[in-house]
There are 2 protein chains.
Amino acid sequence: MTLPSNDAASRPSADPERRVAVIVVILTVDEGQLNVLLIRRSADPFKDAWSLPGGLLRRDEALKQAAVRKLDDETGLTDVFLEQLYTFSDLDAEGSVAVVYFALVDITEANLAQRTAWEPAWSPVEDTSDLAFRNNEVVDYALQRLRAKLDYSNVAYSLLPPEFSLSRLQATYEAISGQPLDKRNFRKRILSLDIIEPTGHLASEGRHRPAQLYRFRERKQIIF
Amino acid sequence: MTLPSNDAASRPSADPERRVAVIVVILTVDEGQLNVLLIRRSADPFKDAWSLPGGLLRRDEALKQAAVRKLDDETGLTDVFLEQLYTFSDLDAEGSVAVVYFALVDITEANLAQRTAWEPAWSPVEDTSDLAFRNNEVVDYALQRLRAKLDYSNVAYSLLPPEFSLSRLQATYEAISGQPLDKRNFRKRILSLDIIEPTGHLASEGRHRPAQLYRFRERKQIIF
DNA sequence: CCAAAAGTGTTGGCTGTACACCCATGT
DNA sequence: ACATGGGTGTACAGCCAACACTTTTGG
């Protein structure tokens, strides 16, 4: 017997097991654009189509472990925002169960796996055309969740380097929400939340006034 | 091969399948108390302990179908709020994957299954002592989600009969949030949301002033 | 007439939004 | 000197929280 299975008693034979896949929606912001990590499929079904990275859940592996492993495989990163998103049972034709996680990474720290087969690449979420396995819906769902979380959590910490200017932070928020934000109101709001603090360092890149750099007080998720 | 499985190519043998269970957290409000539906286990493991109702995902069955089926088995209800909550892989010792749904039902419409084995019963969430399979954590998680949803959706529609007084609605909100609410502010807020409308009927139960009855404009989830 | 629940408004504080100009730097 | 992005304050409106008494009915 297994879990809370009160009907298992009446059907004691033939445990109907399933293939369980773990999929990871890895998002990043690059130059004001929200990007998703896709891999080019090297085998059927959907050979040569793009899809989200994923793989089968191994024996004796926990779901989150598998998601961490996949994320590490593709980006070399381990200590980032990674959260379970949704579980689908109808993405492929064979009734596999697919547990989807989503991750947020700083593109400057991500080192995409160098493979010729199943090669990963960043793709702007806005013009992500037909993906394999109805993965477009999965990406949309991740995007929706990310937008919601922006309003009540500090998730952006995982999309930025340790030190960043307020303008950079604002650009990140704008890339995710798709909305331009008022500079003064944005700064007032963020500072009053007290989730970031000045580092004392200045940016001084480009031919303009150097920017004060900030860091997140906590490098883990906080719910406001 | 299955889903987005780029590593399946490198491990072409021995598909590691898993048992997939579907669990349903069925919540209701009865006399100002939030209650959860539990079943008394009739077999090991955890024989005679209480746990959430659930069962194995059948072959060729979608997750939501299975959740609907379990909910119907236990309460006879089908057209209520039912939403996926979370997927666990470490509730039991055997590494089953458990996809948890949560449902909200009107206790006056629910007809609990009449069984001697695996008998279902309502239990107040506040003093739900040790459940099998770490189901206490699952219930806590459901409660957290429900409380959050109360603030930005009309989910209470599924906990109440078609017509109800504002006092009853307030009592429902209070039972869920665990907080007393100010009557005037509550009414102002709810009415301004424009999610309910007066039916024209009066309640006239008990030895007191009859109450105006209302109904939800939509009997499905709305996000504010 | 008493108990019990229904119904009803106003005020003050806070929060969010709209809005425009000067500053420091590098070229 | 100019182009580029950095940095700053105020005023108004809408929202939320606090707060108490009268009404209607049944017993």
Side-chain angles (χ1 to χ4, degrees), chain A residues 29-33 147-148 150-154 156 160-161 163-215 223-224, chain B residues 29-33 147-148 150-154 156 160-161 163-215 223-224:
Chain A
V29 172
D30 186 27
E31 307 192 357
Q33 279 272 320
R147 284 183 174 145
L150 211 54
D151 290 333
Y152 63 84
S153 82
N154 66 342
L160 290 168
E163 303 200 354
F164 53 87
S165 67
L166 281 174
S167 299
R168 175 97 185 263
L169 180 62
Q170 182 175 344
T172 303
Y173 272 67
E174 289 172 331
I176 294 168
S177 67
Q179 302 279 330
L181 299 171
D182 179 84
K183 206 201 311 191
R184 283 173 288 187
N185 292 339
F186 179 78
R187 291 159 113 92
K188 223 182 316 167
R189 192 178 94 223
I190 295 293
L191 291 172
S192 75
L193 288 173
D194 206 45
I195 54 173
I196 61 172
E197 61 191 4
T199 63
H201 304 156
L202 295 177
S204 66
E205 301 170 48
R207 54 173 176 179
H208 54 78
R209 180 173 175 182
Q212 180 58 244
L213 294 178
Y214 292 79
R215 72 175 138 244
I223 306 289
F224 303 151
Chain B
V29 173
D30 186 27
E31 306 191 356
Q33 278 272 320
R147 284 181 174 148
L150 212 53
D151 289 333
Y152 63 85
S153 82
N154 66 342
L160 291 168
E163 305 200 352
F164 52 86
S165 67
L166 281 173
S167 296
R168 176 95 185 263
L169 181 63
Q170 181 175 345
T172 303
Y173 272 69
E174 287 173 332
I176 295 168
S177 68
Q179 300 280 329
L181 299 171
D182 179 84
K183 204 194 326 185
R184 285 172 289 189
N185 292 337
F186 178 78
R187 291 159 112 92
K188 225 182 314 168
R189 192 179 93 224
I190 295 292
L191 291 173
S192 75
L193 289 173
D194 206 44
I195 54 173
I196 61 172
E197 59 189 5
T199 62
H201 305 157
L202 294 178
S204 65
E205 301 171 48
R207 54 173 177 178
H208 57 264
R209 180 173 174 181
Q212 180 58 245
L213 293 178
Y214 292 79
R215 72 175 138 245
I223 307 289
F224 302 149

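So you know, we letter chains A, B, ... as the sequences are listed, proteins then strands, and number each from 1.
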>> What is the separation between atom CG on B:Leu191 and atom P on D:dC15, rounded to the nearest whole Å?
In response: 15 Å

>> What's the separation between atom CZ in A:Phe186 and atom CG in A:Leu191, rounded to the nearest 0.5 Å?
In response: 9.0 Å

>> In whole Å, I'd like the distance from the CG atom of B:Leu166 to the P atom of C:dG7.
In response: 7 Å

>> For nucleotides 21-27 of chain C, give me one character per nucleotide, 5' to 3': B if any protein heavy atom sits under 4.0 Å from the base, S if the only such contacts are to the sugar-phosphate, - if neither.
In response: --BBBS-

> So which heavy atom on B:Leu160 is nearest to which on B:Arg168, and how close?
Replying inline: CD2-CG, 3.8 Å

>> Check this one for me: any side-chain N or O of A:Arg187 less than 4.0 Å away from OP1 or OP2 of D:dG7?
In response: yes

>> Using a 4.0 Å heavy-atom cut-off, does A:Arg189 contact any base of the nucleic acid, only the sugar-phosphate backbone, or nothing at all?
In response: nothing

> If you look at every heavy atom in A:Leu181 and A:Gln170, which pair is closest and at what distance?
Replying inline: O-NE2, 2.8 Å

> Hey, what do you get for OG (A:Ser165) to CG (A:Leu202), rounding to the nearest 0.5 Å?
Replying inline: 11.0 Å

> Whole Å only: how far is the CG atom of A:Asp182 from the C1' atom of D:dG6?
Replying inline: 14 Å

> Which atom pair, heavy atoms only, marks the closest approach of B:Phe224 to B:Asp151?
Replying inline: CD1-O, 3.9 Å

>> Ignoring hydrogens, what is the shortest heavy-atom contact between B:Ala175 and B:Gly32? Give both atom names and the distance.
In response: CB-O, 3.5 Å

> Distance from A:Phe164 atom CZ to A:Arg215 atom CZ, nearest 0.5 Å?
Replying inline: 10.0 Å

>> If I take atom NZ from residue A:Lys183 and atom CG from residue A:Asn185, how far apart are they, to the nearest 0.5 angstrom?
In response: 12.0 Å

> To the nearest Å, how far apart are B:Phe186 CZ and C:dA6 P?
Replying inline: 12 Å

> Atom CG of A:Leu213 and atom P of D:dG6: how far apart are they, to the nearest Å?
Replying inline: 11 Å

Output one line per pair: protein atom, nucleotide atom from nucleotides 10-14 of chain D, and distance, for all N/O pairs under 3.5 Å.
| residue | atom | partner | partner atom | Å |
| --- | --- | --- | --- | --- |
| D:dT10 | O4 | A:Lys188 | NZ | 2.9 |

>> Without decimals, in angstroms, what is the distance between A:Tyr152 OH and C:dG16 C1'?
In response: 20 Å

>> Rounding to an integer number of Å, can you tell me how far A:Glu205 CD sits from D:dG6 P?
In response: 11 Å

> Would a distance-only check, ignoring hydrogens and angles, find a side-chain to backbone donor-acceptor pair under 3.5 Å from B:His208 to B:Glu205?
Replying inline: yes

> So, is A:Ser167 near the phosphate of D:dG6, with a side-chain N or O under 4.0 Å from OP1 or OP2?
Replying inline: yes

>> What is the separation between atom CG on B:Leu169 and atom C1' on C:dA5, rounded to the nearest whole Å?
In response: 16 Å

